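Naming convention: chains lettered A, B, ... in sequence-line order (proteins, then strands); numbering from 1 in each chain. All figures in this text were calculated on a predicted structure; none of them were measured in a lab.
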Amino acid sequence: NRGSDATGRIGIDVPRTDTDFWDSYQDHLKADLAHGGPAALPLANSQNDIGKVVSDVQALTGQGARAIVIAPQDTGAITAELRRLADRRIPVVSVDTRPDDGPVYMVVRADNRAYGERSCVFLGERLGGHGRVAELQGDLSSINGRDRSEAFAACMKRRYPGITVHELATDWKGEVASAKLQSLLAQHHDLDGVYLQAGGAFLQPVLALLRQRGLLEPVGTPGHLTLVSNDGIPDELAAIRAGTLDATLSQPADLYARYALYYARAALAGKTFRPGPTDHGSTIVKIKNGLEDQLPAPLVTKENVNDPHLWANQSEQGK
Amino acid sequence: MTAAPGGPAPEEPTREPAVAEPPAVRAEGIVKRYGPTLALDGVHLTVRPGEAHALVGRNGAGKSTLVSVLTGMARPDAGRVAFGGVPAPRWGDPAAWQRQVACVHQRSMTVPGLTVAENLFLNRFPGGPALRWRALRGRARDLLAGYGVDVDPAARLEELGVEQLQFVEIARALSRGARLIVLDEPTARLDAPGIARLFGRLRELRAQGVAFLFISHHLQEVRALCDTVTVLRDARRVLTAPVAGLGEDALVAAMTGEDAGHRRPARAPAPPAPPAPRTDGTPVLRAEGLALRGHFGPLDLAVGAGEVVGLAGAAAGGTTAVAEVLAGLRSPDAGRITVRGRPVRPGSVPHALDAGIGYVPEDRHREGLVPARSVAENLTLAVTGPLGPCGTVLPARTREFARRMIAALDIRTTGPDQPVSGLSGGNQQKVVVARALARDPAVLVAVRPTNGVDVRSKEALLGVVRQVADGGRGALIVSDEPADLRICDRVVAVFRGRVRAEFRRGWREADLVAAMEGVTAGTPGPPTAPDTSTTEGTAP
Amino acid sequence: MTETTAPPAADAPPAGPVRRPRIAPGRWRDFSLVPVILLLGVVGFIVSPAFLSGDNLIGVVQQSTELGLLVLGEALVLISGRMDLSLESTIGLAPVVALWLVLPAHGGRFAGLGLLPSWTAVPLCLAVGAAIGAANGFLMLRLRVNGFIATLGMLTMLRGLHLGLSEGRSLADVPDSFAYLGRTSWLGVPAAVWICLALFALGGAALGYLRHGRALYAIGGNPEAARAAGIRTDRITWTVLVLAGVLAAFAGVLYTGHYGAVSASQGSGWIFQVFAAAVIGGISLKGGRGTLFGALTGVLTLQLVINVMTLGGVPPLWTQFLNGAIILLALVVSRFTSGEQQE
Amino acid sequence: MTETTAPPAADAPPAGPVRRPRIAPGRWRDFSLVPVILLLGVVGFIVSPAFLSGDNLIGVVQQSTELGLLVLGEALVLISGRMDLSLESTIGLAPVVALWLVLPAHGGRFAGLGLLPSWTAVPLCLAVGAAIGAANGFLMLRLRVNGFIATLGMLTMLRGLHLGLSEGRSLADVPDSFAYLGRTSWLGVPAAVWICLALFALGGAALGYLRHGRALYAIGGNPEAARAAGIRTDRITWTVLVLAGVLAAFAGVLYTGHYGAVSASQGSGWIFQVFAAAVIGGISLKGGRGTLFGALTGVLTLQLVINVMTLGGVPPLWTQFLNGAIILLALVVSRFTSGEQQE
Ligand SMILES: Nc1ncnc2c1ncn2[C@@H]1O[C@H](COP(=O)(O)OP(=O)(O)OP(=O)(O)O)[C@@H](O)[C@H]1O
Ligand SMILES: Nc1ncnc2c1ncn2[C@@H]1O[C@H](COP(=O)(O)OP(=O)(O)OP(=O)(O)O)[C@@H](O)[C@H]1O
Ligand SMILES: [Mg+2]
Ligand SMILES: [Mg+2]
């Protein structure tokens, strides 16, 4: 249905396609567009490069996009482009990240600081406030990774000073995470838990390492290392069912896709929103350059792992 | 630069006839080491203004090293250099050295990707900082025309032939206006007319008071051009004397350190000759109707068992291409090659090797050597069988094999494990020849095998070639040097890809040169018919 | 007779060694990507009429500017026979250091030192670039370590320094003087485009007509010969490395203005692109060959490929595959249009 | 015996220029990283006594195996005077293609074709690696395009193919036969370690003691001389490229077993590491120089650096900086211990 919509079309750029999370974000977008969603131009892929985001956006607006959906993984370097789009009165929906500056119509994201904080609380409670945990960080220049690290560190310091945290930078790379964790395990045999900032990248390597070292005891047995992950991809749910992973925070790929399109269409229709609770269980808050819809990011444990509302369970069925 | 600490006390430089002018260059007590090798050991050298000074010595004596020191390319470990009485520029300031001395280095010092014009005027373009291309090309054309070289100045240098290239380097050095010009084996890549042109030019410059330091392994060239000669032996200076009063034997004796008069036998004692497969008259190598368009015409060639055949031709006369086709490096357009009656697949080096054709390439730097690898490895590069079972090469056997070759060809090296790049030019050449012999070929095809090799080694190398033939095999020497061709039983002269004449032993040099240059006038010595296309090998 | 290689006289049927007069083959090489660019233009137009709109084309050129400047610097370094991988980090680090020295210690999100007035930011940035180039020169020319790995180490170290200084954040509160060049337009075309073209033209002229420019080819083609000809090879190489650093830092200035902030991953992963652009544009990795014009066509080709793919709506999962396939195609086409083997 | 040229025994050669006996200087180069490794060992022990525990050291070696196999392949390619960047993608793509052909079309999260029984996965994977190597050979040796850019294009294209086939997902349901080698242990040490060491030993022996192995040095050192000496340069180069592809694919098998899944970014960004390891280990980018032992020490050095930094608890923001600084330091140290200039 290209070009059929009188109010204009939506230009969408997906940030990358080499992770499970963004891959299913893209799947949901496609599914929603196919099922009577708004008219959109073909998706562009910026391969995790902010320069490409800008050039894609320019190509999309050149082709007549009247609203833009992006997920800029670098929140600073998108500023100029946001200003340019504002000058041309093209509304922007930013998914997953909150641009530092430059007007946005709506930010659709789960709160990454909340990920770090809730992971910290989960670990803190499970370990009873003392012990030793490793934190597999992402790419230090990624805003989401940094938010998680900062919130986790602040929370640990404030609420669980008895827990020693070893921060390991990994560039979102599984083999780096595995190597560093292995070194740490050689040094500290008394490790109690691991916080995996991205289940998509770290889960299998960490499980493989623990299995090799004979440390992969099921949840609830003595000697078990508490593992908390973020992302909520199907692999993580499977691990929770299998009793190897304690918990994950499900980043709602489906909701990202659905509400990105929802707000883009609303923008085309000229609708405006105001801060406050929404009809889909989230809250819109005011930020300095626009509004942000903070979508719920449920904590998934053995108890609710089969909840059909979890996006990973849906995509499993969809396939 | 200081005098050698602890070195031999700097001896007095040779007293020259009293001259008011300071010497064009004076080097005192130069010491230069390369790792374990002492390349120069307290060498002195004085070249007076306007003098043509020859520097001779065996391969590896240190001549090129001395040149490097005199031109600021290498930093001596000890010693002093002065130009016109003024100490030499600081090391590492090449521009300043350039003003003192111009040099034709032994190894090509050109930039292949740049044009001829640019190479001629590299770093000293006429005019201001901005280049005027048209003017530059004009001047380049004029300059080269003076040497009889006709190339497009806008052509890239890599498109030139060896001889043209050499003239570009010579023209560059001579046109620089320096009062001292160093020529390190400038004639090695020129043919006879080229050498004549070069010498004419040098004499003109000399008349203008330019001094030369001239290096060559051709003693007759030294005699023709120079008035003083310095002999280096084993990194030391052994003699400086006027050329006039010095016989060739005395010079060779100085170079080799043997007593004058005691000449060693020209040919090494024959080896325990392998049973020569006495032939039924089949030539070991035969080429029929061989042709490569643009290089040589249909041409027939035969080398009999026990025969050494010379293929004589000027530098660009297509003879090198004949050798390359025989060796399998190029595919011929027509014709067939057989070795001992068995056909050889054209255009394939491995097949040529298996068939028994050993090859000494023209340019040892380009096609001969793998510079970073050891002497032993270079020697055994083509050897397949005897170094170990099933495609293995056992280091012990390789080294043993290499030692034998080193001894056989008198290669100067610290040992089989020395990287071949650390050898002097002549010794590198011997490695290439030895490599061709290593597989025990039925026929040896050698292009200018004695290129850059000193007098004594030349004898030895040619002696080895002769031995190969005497052992019942054959050899084809592609060369334009009379000295190389002297050992041949038969010489085939080629001009522009066509056989012009054939000579048997005892030819006169003038006739040969004339045939090579296409001047078929004059009666060849004991010639066969000039149009002999099929020259059957005949045992001498 | 003095004719060494005269054209074969009538009596010699098989011609002597062939030296057919030819159009200087080197020339073609520089234009070998032009057919590729034209082809991309046609495909772009078929794919979407928006391709030929002024907006789109200017957009493509503007997006090429930062990469273009890096390629300019790298081309100079490659021509003189070296490599500099660290340019990829310089484009990010130089602005960060400059801003760190300039931004006030309090008030902004990023705590700088506030040592210097804010107008010094651009000169400071260029100076940092120069310093990095000089450091590379020190490693390669004084310590004589392998240039590839030395600059690879620098790349890692400088990116680490960038991360450490910026704490992984992007710096958005950039002084106006710093952002000006990257975001302003002159005569309706981004200033960056004018500047970049001017620098390429300048560089091209210097390489073609200046003695020191020609010296780069000599140094890259045969350093020993260059030294023997009296060229101060080390000094010139060092200058080129510094220049490349400065160009990369300047690309950082443009980038910052263009995108409105210094991002923490600015330039990360670009160096492959830089090499790809230079080499498909005809610059040899072995030194001594290639022109800046060729390098520029290389940059434009890469950028056009991305633009055409975006306009064509290639499914995201397959963009990278297509990208690689098109690079290979461009390489093969340029090899056959230039008629030369590439080394 | 094939006595071609008996020594002219009588006249002994005149004593050459004075030479002191010495250990061949080239030899040192291969050991130039040994002091660096010892230094890292001492620092590691100071930083944490756990460094010297068997667990830790075995861990370091195990983490080196996949990178090590890539370096082994790349070293062979570099020695023969070529480059292959695409190894970085082969390590990911080869397992994906193999699994795609093998995994059932229904049931798992990843829909394969289920064409072949699952035991064929490993041979298939190696075959894919060989095919990629052959394609590289075709580009370089038949089309004669620049190898650097050709394999860079392949890198991009193959990574794209990987993404396209796997749809950006990681494949976790790997057949046991495929995962076995990467995760099992023999005699208390991971099988991957044994295999990797064996392959390095084999490769080293081949380079040192096989005619065809030695030919690689000749081809890399002077291809024309190699050809003139009757070495089939193209055929051997092609074989080496195929071999490198197979080794990379095998590294992919070990990786998959080791980390439990084929991730979509498997190997991404490794090629720089591969080159760094090879070059600081003494392999020349210009061909014809270096040994596999040196390459192995290069890999271990890089991995030890990371290990020591982790044990030392370097703040994450500064690890990259320190990593780069240490690479530079290792480079400088190895340059001075080997006493040779690097080119
Ligand atoms: N760069 C170097 N590294 C190692 N050894 C060297 C180097 N340059 C020269 N030598 C050695 O120094 C000695 C002198 O070499 P040089 O080239 O000066 O000899 P030459 O007299 O020019 O010989 P030729 O007549 O063969 O050219 C030789 O033994 C050579 O092996
Ligand atoms: N930088 C160097 N490193 C190692 N060896 C060198 C170096 N420079 C020169 N040599 C060696 O020193 C010797 C003399 O060098 P030179 O350039 O005179 O070689 P050459 O073989 O005599 O030249 P040609 O064969 O072209 O006449 C040669 O063995 C050469 O390889
Ligand atoms: Mg010499
Ligand atoms: Mg010589």
Side-chain angles (χ1 to χ4, degrees), chain A residues 14 16-27 45 47-48 134-135 137 140-141 145-146 149 166-189 200-213 233-235 238-239 315-316 319, chain D residues 47-51 53-60 62-64 66-67 109-111 159-160 162-164 166-172 179 182-185 190 255-270 303 306-311 313-320:
Chain A
V14 297
R16 60 193 303 168
T17 50
D18 57 351
T19 64
D20 290 278
F21 177 77
W22 286 111
D23 181 56
S24 65
Y25 167 70
Q26 189 203 329
D27 286 348
N45 172 10
Q47 297 176 349
N48 213 22
E135 180 188 11
Q137 300 183 335
L140 297 172
S141 61
R146 201 167 56 238
S149 303
H166 296 275
E167 299 182 329
L168 305 172
T170 67
D171 265 350
W172 300 128
K173 290 206 172 107
E175 71 273 1
V176 178
S178 171
K180 291 193 170 175
L181 191 59
Q182 191 171 12
S183 304
L184 197 73
L185 281 170
Q187 193 175 17
H188 300 289
H189 300 284
F202 305 146
L203 181 68
Q204 298 298 349
V206 167
L207 292 182
L209 174 65
L210 296 182
R211 190 174 296 123
Q212 183 197 341
R213 308 267 319 216
I233 57 167
D235 274 355
S315 83
E316 204 75 323
K319 287 282 153 180
Chain D
V47 155
S48 157
F51 175 79
S53 68
D55 251 16
N56 185 55
L57 292 181
I58 288 181
V60 170
Q62 185 183 10
Q63 289 143 25
S64 312
E66 295 98 16
L67 184 66
R109 283 207 306 123
F110 173 72
R159 173 75 56 206
H162 179 160
L163 280 181
S166 70
E167 296 176 1
R169 271 181 259 267
S170 46
L171 316 186
R183 71 176 174 220
T184 192
S185 284
Y255 186 106
T256 307
H258 185 180
Y259 299 114
V262 189
S263 87
S265 59
Q266 184 156 318
S268 150
W270 278 28
Q303 216 67 42
I306 294 176
N307 184 251
V308 170
M309 286 199 308
T310 308
L311 293 181
V314 174
L317 271 178
W318 293 97
T319 42
Q320 200 173 359

K.L.:
Using a cut-off of under 4.5 Å on heavy-atom pairs, state which of D/D55, D/L163, D/N307, D/L311 scores highest against chain A.
P.N.:
D/L311
K.L.:
Under 3.5 Å, is there a donor-acceptor pair between the side chain of D/S53 and the main chain of D/P49?
P.N.:
no
K.L.:
Check each atom of D/T319 against the heavy atoms of chain A and say whether the ones under 4.5 Å are side chain, backbone, both or neither.
P.N.:
side chain
K.L.:
Highest number of heavy-atom pairs under 4.5 Å with chain D: which of A/Q204, A/Q187, A/H189?
P.N.:
A/Q187
K.L.:
Which heavy-atom pair separates D/V47 from D/V308 by the least distance, and what is that distance?
P.N.:
CG1-O, 4.2 Å
K.L.:
Using a 4.5 angstrom heavy-atom cutoff, name the option from A/Q137, A/E175, A/E167 with the most pairs to chain D.
P.N.:
A/E175
K.L.:
In Å, rounded to the nearest 0.5 Å, how long is the span from CG of A/L210 to CG of A/L185?
P.N.:
6.5 Å
K.L.:
Who among A/S178, A/S149, A/S183, A/A208 has the most heavy-atom pairs with chain D under 4.5 Å?
P.N.:
A/S183
K.L.:
Heavy-atom distance under 4.5 Å to chain A: side chain of D/Q320, backbone, both or neither?
P.N.:
neither
K.L.:
D/Q266 side chain to D/S263 main-chain N or O, any donor-acceptor pair under 3.5 Å?
P.N.:
yes
K.L.:
Between D/P190 and chain A, which part of the residue has a heavy atom less than 4.5 Å away: side chain, backbone, both or neither?
P.N.:
side chain
K.L.:
Are side-chain heavy atoms of A/Q182 and D/T310 found at a separation under 4.5 Å?
P.N.:
no
K.L.:
Using non-hydrogen atoms and a 4.5 Å limit, figure out which bit of D/I306 sits close to chain A: side chain, backbone, both or neither.
P.N.:
side chain
K.L.:
Are the side chain of A/S24 and the backbone N or O of A/D27 linked by a donor-acceptor pair below 3.5 Å?
P.N.:
no
K.L.:
Given a strict heavy-atom distance threshold of 4.5 Å, which part of A/R16 is in contact with chain D: side chain, backbone, both, or neither?
P.N.:
neither
K.L.:
Under 4.5 Å from any heavy atom of chain A, what part of D/Y255 do you find: side chain, backbone, both or neither?
P.N.:
side chain
K.L.:
Whether the side chain of D/S64 engages the backbone of D/V60 through a donor-acceptor N/O pair (distance < 3.5 Å, no angle test) should be reported.
P.N.:
yes
K.L.:
Say you draw a straight line from CD of D/Q63 to OH of D/Y259; how long is it, rounded to the nearest 0.5 Å?
P.N.:
6.0 Å
K.L.:
Identify which part of D/L57 has an atom lying under 4.5 Å from any heavy atom of chain A, answering side chain, backbone, both or neither.
P.N.:
neither
K.L.:
Between D/W270 and chain A, which part of the residue has a heavy atom less than 4.5 Å away: side chain, backbone, both or neither?
P.N.:
side chain
K.L.:
Only pairs of heavy atoms separated by less than 4.5 Å count here; which of A/G174, A/A169, A/P205, A/G200 has the most with chain D?
P.N.:
A/P205
K.L.:
Would you check if the side chain of D/T256 reaches a backbone N or O of D/A179 as a donor-acceptor pair within less than 3.5 Å?
P.N.:
no
